[in-house]
There are 2 protein chains.
Amino acid sequence: MTKAPAKIPKSDKTRQAILEAAQRLFYERGYDGASVRQIAKEVPIDPAMIMRYFGSKEGLFSAAVLIDLKLPNPEDIPQDKAGERLVRHFLMLWEGERSTLGLPILLRSAVSNQDASDKIRAIFEKQVAPTIAGITSLDDADTRAGLIVSQLFGLALCRYILRLPPVVDMTEEEVVARIGPIIQHHIGSSV
Amino acid sequence: MTKAPAKIPKSDKTRQAILEAAQRLFYERGYDGASVRQIAKEVPIDPAMIMRYFGSKEGLFSAAVLIDLKLPNPEDIPQDKAGERLVRHFLMLWEGERSTLGLPILLRSAVSNQDASDKIRAIFEKQVAPTIAGITSLDDADTRAGLIVSQLFGLALCRYILRLPPVVDMTEEEVVARIGPIIQHHIGSSV
DNA sequence: GTCTATAATTCGATAGAC
DNA sequence: GTCTATCGAATTATAGAC
């Protein structure tokens, strides 16, 4: 009979407040751009507490970045609607609730941070590639998954980070209408 | 009779050496990741000289980032080959000579730096959008240009920065074969 | 034209009082 | 459990000697 969740029943409230502030700042500025002191000031709390709770900035980052993309089960996706479904899911990851902000945080951090890009590769390997492989019936599923991620990450880059006006101005439905068929094409159906 | 190029006939050699070192480090680490001191150490030269020549880190960055994409003239591109041509040109920008490294530098810097993303938007508006508008005969050329850039930047992100294995492993010809038709599709022809 | 020295910040991390 | 104080290193930028 294990007593309970091991060791976490301490002072959970401030810990959670730290995590939420960290998620927001890491989301806006990336790993290198957000400092421990800035995060502490937003809580507000003393910077030393962050070190005490999470050990280091790296520890805080790992705790703040939840990496479950919550991708739908391949069997639940009709193959001819997969492109649309994946685009909608991806938009939700970027514009949705805080609990799904892990991928945006990682993408913003990965350009200048080695650990962040390592984590993205791990997510690709463990979550994205298997899902694509489960949807398509064709052979080179890994390459197809890479092409799909290229298109979706490029969309996120131009829409949320670079903020290119024509890409920002598209409505969600326009994005689905324009990008969905491309994803569908990579999966293997007709255009 | 203007005498000569105004004011630059000073000590051009070190200035050029500084620029080349700056381009390499900005290319590898982005604006925030590359420091003036690191650049100076690579030349090698005293960090103060960089400030003397370029005024500030911002000034050095502006001088190092040449922003001529050397896009081909729209009239020289057969419309049914435009997708292939643009993909090859884009790959050349990333894997080519130093003089074309401006865009990679900007992309690496833009994630964490406001000025860099401003410059990317300016390049999009002044170089990319007009070129696409000159190729396609359809109406919403700006949106199409945005979609094309989304795809090409996403490719660069996954291939050169995140280094996702399936995207890295593609040969140049595979990239052209896979991405070219998508660009062609955005321009307006058949798939 | 090139350099030394240093100012003024900011960073992550630590030590220790209470 | 929370804080003050501080360390050591790194940053951009400036002042001024030679």
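Residue numbering restarts at 1 for every chain, and letters A, B, ... go by the order of the sequence lines.
- Taking atom CD1 of residue A:I18 and atom P of nucleotide C:dG12, one finds them 14 Å apart after rounding to whole Å.
- Distance from the side chain of A:M49 is smallest to D:dG1 among D:dT6, D:dG1, C:dT4.
- Within the 4.0 angstrom heavy-atom criterion, only backbone atoms of the sugar-phosphate kind lie near A:Q38; the bases stay farther away.
- Here C:dT14 presents its C1' atom at 15 Å from CD1 of A:I50, a figure rounded to the nearest Å.
- Exactly one residue among B:E84, B:Q151, B:M170 makes a side-chain contact (heavy atoms from CB on, under 4.5 Å) with B:I179. That residue is B:Q151.
- Along DNA chain D, the nucleotide nearest to B:S35 and the one nearest to A:I45 differ in position, and the one closer to the 5' end is contacted by A:I45.
- Between B:R15 atom CZ and C:dT2 atom P there is a gap of 13 Å when expressed in whole angstrom units.
- The nearest whole Å value for the distance from the CG atom in A:D115 to the P atom in C:dG12 is 15 Å.
- Which of C:dT4, D:dT6, D:dG1 sits closest to the side chain of B:A48 comes down to C:dT4.
- In this structure, a donor-acceptor pair under 3.5 Å is present between the side chains of B:S62 and B:K119.
- Ring-plane geometry between B:Y31 and B:F26 is classed as parallel, the angle between the planes falling under 30 degrees on a 0 to 90 degree scale with a further cut at 60.
- When the nucleotides D:dA13, C:dA13, C:dT2 are ranked by their closest atom to the side chain of B:M51, D:dA13 comes out on top.
- Judged purely by distance below 3.5 Å, without hydrogens or angles, the side chains of B:K57 and B:S35 never pair a donor atom with an acceptor atom.
- The existence of a salt bridge linking A:E173 and A:R178 is excluded, since no basic side-chain nitrogen approaches an acidic carboxylate oxygen closer than 4.0 Å.
- Here C:dC11 presents its P atom at 12 Å from CG of B:D32, a figure rounded to the nearest Å.
- Atom P of nucleotide C:dC11 and atom CG of A:L60 are separated by 15 Å, given to the nearest angstrom.
- Here the P atom of nucleotide D:dA5 and the CG atom of A:D46 are 11 Å apart, to the nearest Å.
- Distances were taken from every side-chain heavy atom of A:Y53 (C-beta onward) to each of D:dG1, C:dT14, C:dA13; the shortest belongs to D:dG1.
- Taking atom NZ of residue A:K57 and atom P of nucleotide D:dA10, one finds them 16 Å apart after rounding to whole Å.
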